Novice: 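Before I ask anything, let me first share the structure, which is written out below as structure tokens.
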2 protein chains.
Amino acid sequence: MKNNKYMDIYNFLKELIVNKKIKPGEKIPSESQLTKKFNVSRNTVRRAITMLINEGLVNSIHGKGVFILENSSPSFSIGGLQSFEEASKKNNLKYKTIIHSFEIIKTDKNLAKKTTFPLNTKLYKIKRIRNIDNENIILDVNYFNYEIIKGLNKIIAKKSIYDYVENNLKLNIAGAKKVLSVEKIEACEKNLLDLDNNELVAIIKNFVYLDNGVLFEYTESKHRYDKFSFTSYVRRI
Amino acid sequence: MKNNKYMDIYNFLKELIVNKKIKPGEKIPSESQLTKKFNVSRNTVRRAITMLINEGLVNSIHGKGVFILENSSPSFSIGGLQSFEEASKKNNLKYKTIIHSFEIIKTDKNLAKKTTFPLNTKLYKIKRIRNIDNENIILDVNYFNYEIIKGLNKIIAKKSIYDYVENNLKLNIAGAKKVLSVEKIEACEKNLLDLDNNELVAIIKNFVYLDNGVLFEYTESKHRYDKFSFTSYVRRI
DNA sequence: CGCGATTTGTACGTATGTATT
DNA sequence: TAATACATACGTACAAATCGC
């Protein structure tokens, strides 16, 4: 972890909030109190507080203080960007990944539109089935730019592609745009998931970028509707 | 709109990005260039850039510059907190609201758990059907704290409750935690929406806070699955 | 390979404005 | 009115990453 002063203050405050040492509706220590306590400048304190505001844990009121929001639980991070492997480990679930298909294709007109890759871009197309506690819960359809994610193969795909991208290729992932919708599953994919007689799945479409702004991955993550939820915080204004 | 210096710089940069005057993968002007152009301190420039980073429009790389992400369209704000009225107006849709029921209740054990209001809290419970282009698309089930949202009635509910809360009661809304899931609609609500023979709906559960951190509203917004999508941006780390 | 120029990252200190109590 | 608390903004300094020569 980073050992910055603003992170110290951030972690200090976050611990107070998530462990309810200060209750929802109450105020965190004032900026001047925190500058004294941590022996830092006010800018540094404000930076830590700004992070908490962006996370939706607190809200500042001019002239009054910074208030803890009710329901400020750590579940806020569920919507976060993490790989299947990371998420499953964190929640101590028995999981495995089944590679259903692995091919190299080029974008045609339809696929270019859907993925926003240019026409005729060479892509890895991978279908992976995510099995949790012996049920096929998630179908991931990944498209990786062939020229960027060099040397991808089935063995890597069985483990963690993100791990390969970051630790072997030394590429840095900036973040992802996610679009969420509910759709009927395609006929050819129906038998890959353990669905009841309902054919609807929740689909998260991920557009994932490197730190230089280049799109390197488009993925559709198709979830059994009853095994899926997504959390976020939205500020007014 | 606020007339702050950092907002000027933010708006200047955002205009460049959304109108593709600088293309994805390219850099925005450096911090020192912007301080000269706007005649401000570096802190002020950095604040504007930080906002763009948080929105997922750009990504900064130490020592290199701030890069525009591909797909940096303004659709990023779809997930934003806005009332049905605001959203429909913005998109120029023909809409109307039908009040299906309006009652005053108290939380029992189940409802307290679901809404996170304390047991025996007095609430307004309102069911409203949102009709867009002559189809019943959304069913909103609102629970408002009776002691906070004083004087609510059917006429207000037919228009905009948020408008009443902010302009008449002079309360300030901080933001909302949103939890998204897909569920079977309740039998008694099935005929309120124009569903096909599928009984699944996308449900957004909203926990809405005032600026002092107090929960004043819990709402379940039930959407016809085929008329619904949700966008957000998630950063790595 | 090193060195300087550029660019972002962290941090400090100060001043002034505005809202709340 | 005075004290407190957050908001905006300026200026400075040094660190760390990147790039070109």
Side-chain angles (χ1 to χ4, degrees), chain A residues 1-13 22 25-54 57-69 170-172 174-175 210-214 235-237, chain B residues 1-13 22 25-54 57-69 170-172 174-175 210-214 235-237:
Chain A
M1 274 293 160
K2 281 184 199 169
N3 198 18
N4 301 322
K5 295 192 179 182
Y6 71 84
M7 283 304 291
D8 289 345
I9 302 166
Y10 168 83
N11 288 327
F12 169 77
L13 293 173
I22 308 176
E26 294 178 355
K27 291 190 288 185
I28 67 172
S30 72
E31 292 175 358
S32 68
Q33 282 175 295
L34 290 167
T35 56
K36 278 173 201 153
K37 182 179 175 65
F38 284 89
N39 223 315
V40 295
S41 72
R42 213 182 129 212
N43 277 338
T44 307
V45 169
R46 282 180 65 76
R47 180 163 182 178
I49 293 173
T50 300
M51 292 171 69
L52 296 170
I53 293 173
N54 285 331
L57 292 174
V58 300
N59 184 61
S60 67
I61 305 181
H62 197 159
K64 291 181 81 171
V66 178
F67 292 82
I68 298 181
L69 298 180
K170 305 287 185 198
L171 298 173
N172 297 310
L210 298 176
D211 57 5
N212 61 1
V214 173
R235 270 174 302 153
R236 186 83 172 159
I237 298 165
Chain B
M1 274 294 164
K2 280 184 198 167
N3 199 18
N4 301 323
K5 294 192 181 182
Y6 71 84
M7 283 304 292
D8 288 345
I9 302 165
Y10 168 84
N11 288 326
F12 169 77
L13 293 172
I22 307 176
E26 294 177 354
K27 292 190 286 186
I28 65 172
S30 74
E31 291 176 0
S32 70
Q33 282 176 294
L34 289 168
T35 57
K36 278 173 201 153
K37 183 179 173 65
F38 284 90
N39 223 312
V40 294
S41 73
R42 212 182 129 209
N43 276 339
T44 306
V45 168
R46 283 180 65 77
R47 180 161 183 181
I49 293 172
T50 301
M51 291 171 69
L52 295 169
I53 293 172
N54 285 331
L57 291 174
V58 299
N59 184 61
S60 67
I61 306 181
H62 196 163
K64 290 182 82 173
V66 179
F67 291 81
I68 297 183
L69 298 179
K170 304 286 184 199
L171 298 173
N172 296 310
L210 297 177
D211 55 6
N212 60 0
V214 173
R235 269 174 302 152
R236 186 86 173 157
I237 300 165

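Labels below follow one simple rule: chain letters A, B, ... track the order of the sequence lines, proteins then strands, and each chain is numbered from 1. If you're wondering where the values come from, they're calculated on a predicted model, not measured in any experiment.
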Novice: Considering just the side-chain nitrogens and oxygens of B:Y6, establish if one lies under 4.0 Å of OP1 or OP2 belonging to D:dA9.
Specialist: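 For D:dA9, OP1/OP2 do not have a side-chain N/O of B:Y6 under 4.0 Å.
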Novice: Has A:R47 got a side-chain N or O lying under 4.0 Å from the OP1 or OP2 atom of C:dA11?
Specialist: no
Novice: Please tell me which of A:I61 and A:T44 maps to the more 5' nucleotide of DNA chain C, matching each residue to the nucleotide holding its nearest heavy atom.
Specialist: A:T44
Novice: Between A:Y6 and A:A48, which heavy-atom pair has the shortest distance, and what is it?
Specialist: O-CB, 3.5 Å
Novice: What's the shortest heavy-atom distance between A:D211 and B:F67, and which atoms?
Specialist: O-CB, 4.1 Å
Novice: Please state how far atom CG in A:N172 lies from atom C1' in D:dT18, giving the value in whole angstrom units.
Specialist: 13 Å
Novice: Hey, does B:T35 have a side-chain heavy atom less than 4.5 Å from the side chain of B:R42?
Specialist: yes
Novice: What residues from residues 31-39 of chain A pass a heavy-atom cutoff of under 4.0 Å to DNA chain D?
Specialist: A:E31, A:S32
Novice: Rounded to whole angstrom units, what separation is found between the OH atom of B:Y10 and the P atom of D:dA7?
Specialist: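 Taking OH of B:Y10 and P of D:dA7, I get 18 Å after rounding.
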Novice: Between atom NZ in A:K27 and atom C1' in D:dT4, what is the gap in whole Å?
Specialist: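 Distance, rounded to whole Å: 9 Å.
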Novice: Between B:K5 and B:T44, which heavy-atom pair has the shortest distance, and what is it?
Specialist: CB-CG2, 4.0 Å
Novice: Polar atoms only, N or O, under 3.5 Å: list the protein pairs with nucleotides 13-16 of chain C and their distances.
Specialist:
from   : atom 1 : to    : atom 2 : distance (Å)
C:dG13 : O6     : A:N43 : ND2    : 2.9

Novice: Please give, in whole Å, the distance from C:dA19 P to B:N212 CG?
Specialist: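 From B:N212 CG to C:dA19 P: 19 Å.
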Novice: When only distance counts, do a donor and an acceptor, one from the side chain of B:H62 and one from the base of D:dA16, lie under 3.5 Å apart?
Specialist: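 For B:H62, whose side chain was compared with the base of D:dA16, there is a donor-acceptor pair (under 3.5 Å).
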Novice: Give each protein N/O atom lying under 3.5 Å from an N/O atom of nucleotides 19-21 of chain D, with the pair distance.
Specialist:
from   : atom 1 : to    : atom 2 : distance (Å)
D:dC19 : OP1    : B:K64 : NZ     : 3.4

Novice: Rounded to the Å, how far apart are B:K5 NZ and C:dG17 P?
Specialist: 13 Å
Novice: Tell me, do A:V45 and A:F38 make a side-chain contact under 4.5 Å, heavy atoms counted?
Specialist: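 They are not in contact (no side-chain heavy atoms under 4.5 Å apart), so the answer is no.
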Novice: Calculate the interatomic distance between B:N59 atom CG and C:dT7 atom P; express it in whole Å.
Specialist: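 About 18 Å, once rounded to whole Å.
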Novice: Tell me, do A:L13 and A:L34 make a side-chain contact under 4.5 Å, heavy atoms counted?
Specialist: yes
Novice: Grab the two heavy atoms, one from A:P29 and one from A:I22, that are nearest each other, plus how far apart they are.
Specialist: CD-CD1, 4.1 Å
Novice: Could you tell me which non-hydrogen atom of A:V58 sits nearest to which non-hydrogen atom of A:I49, and how far apart they are?
Specialist: CG2-O, 4.4 Å
Novice: How many angstroms lie between atom CG of B:N172 and atom NE2 of A:H62, to the nearest 0.5 angstrom?
Specialist: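 These two atoms lie 13.0 Å from each other.
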Novice: Heavy atoms, side chains only, cut-off 4.5 Å: are A:K64 and A:K27 in contact?
Specialist: no
Novice: Measuring to OP1 and OP2 of D:dA5, would you say a side-chain N or O of A:S60 lies under 4.0 angstrom away?
Specialist: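 Answer no for this pair, as no side-chain N or O of A:S60 is under 4.0 Å from OP1 or OP2.
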Novice: So, do B:V40 and B:D8 sit near enough that their side-chain heavy atoms are less than 4.5 Å apart?
Specialist: no
Novice: Output the rounded distance in Å from CD1 (B:I9) to C1' (D:dC10).
Specialist: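 About 12 Å, once rounded to whole Å.
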Novice: Provide, to the nearest angstrom, the distance between the CG atom belonging to B:N4 and the C1' atom belonging to D:dA9.
Specialist: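 Taking CG of B:N4 and C1' of D:dA9, I get 10 Å after rounding.
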Novice: How long is the gap from CE on B:M51 to OG1 on A:T50, to the nearest 0.5 Å?
Specialist: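 OG1 of A:T50 is found 11.0 Å from CE of B:M51.
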